[in-house]
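Reading through the structure tokens given below for one structure.
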Amino acid sequence: MRPTDLRAILRYVPQFREKTFVIAADGAIVADDNFGNILMDVAVLRSLNIRTVLVHGASAQIRALAEEKVAEPSDLEGSGVTDADTLQLALTAANRLTHEILEGLSAADLRAASTNAVIAHPFGILRGVDHLFTGRVERIDVELLQTLLSNGIVPVVPPLGMDGDGRTYRVNSDSVALEVAKALGAVKLVYITTADGLVVGGTLARQLSVDDRVHVINGRVDEGLLAEVFSNEGIGTLVYANEYRQIRRARRRDVRSIQQLIQASVESDELLPRSRAAIERQLDDYYIFELDRNPVACIALHVFPEEKKGELACLCVRPSHEHQGIGRRMVQFVEDRAREMGLEVLMALSTQAFNFFRSKAGFKEGAPDDLPPARRESYEQSGRRSKILVKALKPEAPAAPPF
Ligand SMILES: CC(C)(COP(=O)(O)OP(=O)(O)OC[C@H]1O[C@@H](n2cnc3c(N)ncnc32)[C@H](O)[C@@H]1OP(=O)(O)O)[C@@H](O)C(=O)NCCC(=O)NCCS
């Protein structure tokens, strides 16, 4: 692990202490060689006082068991029809798997307990089809899970639910994980899977509505869990790709974050200092790149409508998040905005990042004459002697044919 990775991890630790994570592992992952590492990651989370619930699926094991017994399961995921024989397969496969997980957690020195925290009712008859022993989650026994968690015990939740009369139903583990996360107010719900998406309510879901706490990671990659949870960028597919990692307009409450973001660059004379009042005055010009609700970069676009020019300013990426393409994306974003506004030229003034603008963002070196008169005046007054970079936004006229 690189020191920067470790620093990134440690920075997030206080934020997650005593918070709840729900880890949903599909059955195929439990059988994978890397599962031991995932359990070690769970042990790390526990040691950081993060309360962790482990929900698991069992479809891969049900399939394997059915092949062993030359049986034909009526459903694998817990969302189709579960007949009596398939329920028996599911019971055997899921219980065996829960046991294996408990063994693995013991090997990672973790105390854990298998639970009956999912209260389920029959899925019922849908469009004339009786789903028999398939269940839907009625509620989660929050008290049971909280009691275990507050005693440092990792609750293991199998894809089986029970009703008040002691009947068992096969439930879909992705839905269980979602319900457990909602019921416990978990800050993270991490799906560890080998598949492209999640089966929720019988369909492959790529988007889930559970605020912005969902991650999907490939459990076959070593250190995936910790990297995903703590680095923000992670290795996985974020279900909420757009909302999760977004550029948005700055709001009043971001002013402090903007000042914090740029502070080091101001001190090293890369950026101009900006007072709170100055940022607030032009707040509509500022944009924030946010990861997991943390502002990690900012940028501004100041418009000079008469000259149809825009100035890209105050670009700053948090040092822990540099070299991941965020700077380029911010520049691209502002360029697109400027185009949409009908601007013809984008300018940037830089003392130390001029090569970034030249080689990574297609700017060319300009001269003070390129600045609108008002901007030229403040440029000269500042005495910073920043380099002036310009980019024409209109597509250049095609070159004349060579004759
Ligand atoms: C310049 C800055 C915005 C780059 O952000 P970033 O998110 O790391 O940028 P990206 O990941 O998109 O691009 C990184 C590339 O730019 C290059 N780069 C970064 N800073 C550079 C600089 N000052 N000069 C030349 N190239 C630079 C990196 O070497 C890297 O190149 P590679 O892809 O060939 O390895 C960031 O370093 C920063 O905030 N700097 C301090 C503030 C500043 O100078 N702002 C610009 C003034 S408006």
Side-chain angles (χ1 to χ4, degrees), residues 1 5-27 29-57 97-118 140-159 173-174 176-193 210 213-232 234-236 292:
M1 183 178 282
D5 293 341
L6 185 60
R7 233 174 269 141
I9 285 180
L10 293 177
R11 228 197 25 242
Y12 286 105
V13 167
Q15 174 182 332
F16 292 132
R17 198 170 288 141
E18 299 299 335
K19 297 285 189 324
T20 304
F21 285 11
V22 174
I23 315 278
D26 80 20
I29 280 305
V30 179
D32 193 85
D33 286 346
N34 194 42
F35 194 62
N37 290 326
I38 290 173
L39 294 183
M40 287 309 293
D41 285 358
V42 173
V44 173
L45 296 180
R46 273 291 323 132
S47 70
L48 297 171
N49 273 341
I50 292 166
R51 299 150 69 102
T52 310
V53 181
L54 222 148
V55 178
H56 70 85
L97 194 58
T98 304
H99 185 80
E100 276 173 39
I101 292 172
L102 292 175
E103 280 180 347
L105 290 167
S106 299
D109 283 334
L110 283 170
R111 296 164 75 214
S114 172
T115 57
N116 60 348
V118 178
I140 300 297
D141 187 341
V142 173
E143 202 187 327
L144 167 60
L145 297 179
Q146 295 290 24
T147 306
L148 294 170
L149 288 167
S150 30
N151 284 288
I153 298 167
V154 177
V156 178
V157 184
S173 63
D174 293 338
V176 171
L178 194 60
E179 295 304 325
V180 169
K182 282 200 259 185
L184 294 178
V187 296
K188 293 268 176 205
L189 167 55
V190 184
Y191 285 98
I192 308 180
T193 173
V210 59
R213 65 171 82 99
V214 185
H215 299 238
V216 178
I217 67 169
N218 183 345
R220 294 194 163 134
V221 181
D222 190 15
E223 284 184 14
L225 179 55
L226 285 184
E228 176 73 30
V229 165
F230 290 112
S231 77
N232 266 347
I235 57 156
D292 207 3

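Each residue takes its place number in the sequence, starting with 1.
Considering CD of E18 and CG of N49, their distance stands at 5.0 Å, rounded to 0.5 Å. Distance CG/L48 to CZ/F21: 9.0 Å, rounded to 0.5 Å. Expressed to the nearest 0.5 Å, how far CD1 of I23 lies from CG of L45 amounts to 5.5 Å. To the nearest 0.5 angstrom, R46 atom CZ is 14.5 Å from D41 atom CG.
Residues L184 and V180 meet the side-chain proximity criterion, which asks for heavy atoms closer than 4.5 Å. You'll find the side chain of V42 reaches within 4.5 Å of the side chain of L110, heavy atoms only. Looking at heavy atoms from C-beta onward, D26 lies out of side-chain contact with I192 at the 4.5 angstrom threshold.
Residues A108 and A43 share a closest heavy-atom pair of O-CB, 3.9 Å. The two residues L145 and P155 make their nearest non-hydrogen contact at CD2-CB, 3.6 Å. Scanning both residues, L105 and A112, for their nearest heavy atoms gives CD1-CB, 3.5 Å. Nearest approach of A113 to I153, heavy atoms of both residues: N-CG2, 3.8 Å.
E103 is linked by a side chain to side chain donor-acceptor pair (under 3.5 Å) to H99, counting only residues two or more places apart in sequence or in another chain. Residues that satisfy the side-chain contact (heavy atoms from CB on, under 4.5 Å) test with A31, not counting sequence neighbours, are Q61. Listed by chain and number, the residues in a side chain to side chain donor-acceptor pair (under 3.5 Å) with T20 amount to none (sequence neighbours excluded).
For residues 109-118, no residue pair satisfies the side chain to side chain donor-acceptor pair (under 3.5 Å) rule, not counting sequence neighbours.
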(message) For V190 and V22: C-alpha separation, side-chain torsions, deciding distance, then whether side chain to side chain contact (heavy atoms under 4.5 Å, CB included) applies.
(response) CA-CA 6 Å; V190 184; V22 174; over 6 Å; no
List the atom pairs, with distances to 0.1 Å, where a side-chain N or O of residues 50-57 and a protein N or O form a donor-acceptor pair under 3.5 Å, not counting sequence neighbours.
{"unit_1": "R51", "atom_1": "NH2", "unit_2": "Q146", "atom_2": "OE1", "d": "2.7"}
{"unit_1": "T52", "atom_1": "OG1", "unit_2": "I50", "atom_2": "O", "d": "3.3"}
{"unit_1": "H56", "atom_1": "NE2", "unit_2": "T98", "atom_2": "OG1", "d": "2.9"}

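Within the 3.5 Å criterion, the main-chain N or O of F35 finds no donor-acceptor partner in the side chain of D32. For Y191 (side chain) and A25 (main-chain N/O), no donor-acceptor pair under 3.5 Å exists by modelled atom type.
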